[in-house]
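Reading through the structure tokens given below for one structure.
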Number of protein chains: 2
Amino acid sequence: MFLHIDANNGLAVYDQIVRQIKFSVADGVLAVGELVPSVRELARELTINPNTVARAYRQLQDDEVLESMRGTGLIVSIGARKICLAARKRLIRARLQEVLLEAHHGGLDAEQIQTLFQTELKSLKKKR
Amino acid sequence: MFLHIDANNGLAVYDQIVRQIKFSVADGVLAVGELVPSVRELARELTINPNTVARAYRQLQDDEVLESMRGTGLIVSIGARKICLAARKRLIRARLQEVLLEAHHGGLDAEQIQTLFQTELKSLKKKR
DNA sequence: CCTACTGTACTAGAACGATGGTACGGTAGA
DNA sequence: TCTACCGTACCATCGTTCTAGTACAGTAGG
């Protein structure tokens with residue numbers, strides 16, 4: 001499956017699902033019109049409660065990323081790609097700002113942050 | 001005051017206090033032996049409940065950053081500087097890793113992340 | 001000694017996230 | 001038609017965080 005849930009990273013589980021589904025649509029992993037995993041199936045795969053998945057899907061419908069095919073499942077809606085590309089940029093940018101602000105408030109100057117960032121980016125590359 | 005609380009950034013309020021006190025000690029804003037603001041005073045300044053501040057201070061005592069002077073207040077403990085310097089590095093590094101991982105998982109490659117990072121770092125500099 | 005502060009401890013409740021379970025109507029396929 | 005799946009809507013329960021209020025022992029200063 002294309003989702004990774006981290007129970008203790010601060011974000012609510014349903015929110016992690018919402019974000020990652022959006023990222024998958026933005027990235028093209030989930031195509032417009034495609035069926036997403038059913039509530040029960042995704043819950044089984046992630047070993048979480050179906051209600052939590054339903055909660056995430058409800059949010060994604062509110063955001064017009066998914067739409068319901070009654071009795072069949074949920075599909076990626078027509079306008080989803082555009083919405084998700086914008087959302088991805090906005091979400092990542094917000095996270096980055098948070099971290100930078102915290103680092104700066106913690107007494108690190110731009111150079112130190114820069115150095116730390118490069119180190120982490122390199123170790124991220126190595127993993128792939 | 002030297003603390004900024006953001007109610008909706010995912011982190012618990014007490015945890016934000018813990019982190020920022022540690023950062024202040026690491027940065028030297030709070031010196032070893034110095035009294036930290038009292039539970040009631042800090043609560044008043046941040047307009048939060050005194051119990052929430054007490055919760056944070058309890059955590060900081062467990063982490064051996066603060067120690068109690070009964071009836072007088074809490075002071076920054078002798079070994080606090082070293083502990084906080086290490087903690088700051090560890091905490092910021094962890095946050096950075098989270099964001100980078102999320103960005104990468106969201107389909108952005110190293111270059112795109114790099115660009116986004118530089119933009120945000122510049123806008124951070126401008127604010128100071 | 002008295003007063004005003006300190007930390008600390010306790011109870012109670014609200015809000016939220018997550019779990020577990022049950023139930024119902026719609027749809028697809030054998 | 002029957003069966004198995006689908007989303008959806010409930011319900012009760014639990015843990016965490018935060019708020020609110022009260023109480024008590026220790027300490028400093030007038």
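Values in this document were obtained by computation on a predicted structure and should not be read as measured data. Here is how names work: the chains are called A, B, and so on, in the same order as the sequence lines, proteins then strands, and each is numbered from 1.
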Query raised in the report: Is the phosphate of D:dT17, meaning OP1 or OP2, less than 4.0 Å from a side-chain N or O of B:Arg55?
Result: yes
Query raised in the report: In terms of the angle between their ring planes, are A:His4 and B:His105 parallel, tilted or perpendicular, with boundaries placed at 30° and 60°?
Result: tilted
Query raised in the report: When you match B:Asn51 and B:Gly71 each to their closest nucleotide on DNA chain D, which lands nearer the 5' end?
Result: B:Asn51
Query raised in the report: Of the candidate nucleotides C:dT19, C:dT27, C:dG17, which contains the atom at the shortest distance from the side chain of A:Ala12?
Result: C:dG17
Query - Phosphate OP1/OP2 of C:dT8: any B:Ser68 side-chain N/O under 4.0 Å - result: yes
**Report entry** Qualifying residue for side-chain hydrogen bond (donor to acceptor under 3.5 Å, both in side chains) with A:Gln114, from A:Gln112, A:Glu111, A:Gln118
**Finding:** A:Gln118
Query - A:Val39 side-chain proximity, nearest of C:dT19, C:dT27, D:dT8 - result: D:dT8
Report task. Look at A:Tyr57 and D:dG7 and indicate whether a side-chain polar atom (N or O) is within less than 4.0 Å of OP1 or OP2. Result -> no
Query raised in the report: Can you tell me if the side-chain N/O atoms of B:Gln61 get under 4.0 Å from OP1 or OP2 in C:dG7?
Result: no
Query - Phosphate OP1/OP2 of C:dT27: any A:Thr72 side-chain N/O under 4.0 Å - result: no
Requested in this report: Would you state whether a donor and an acceptor, one from the side chain of A:Arg40 and one from the base of D:dG7, lie under 3.5 Å apart?
Outcome: yes
Query raised in the report: Closest to the A:Thr52 side chain: C:dT8, C:dA18, D:dT19?
Result: C:dA18
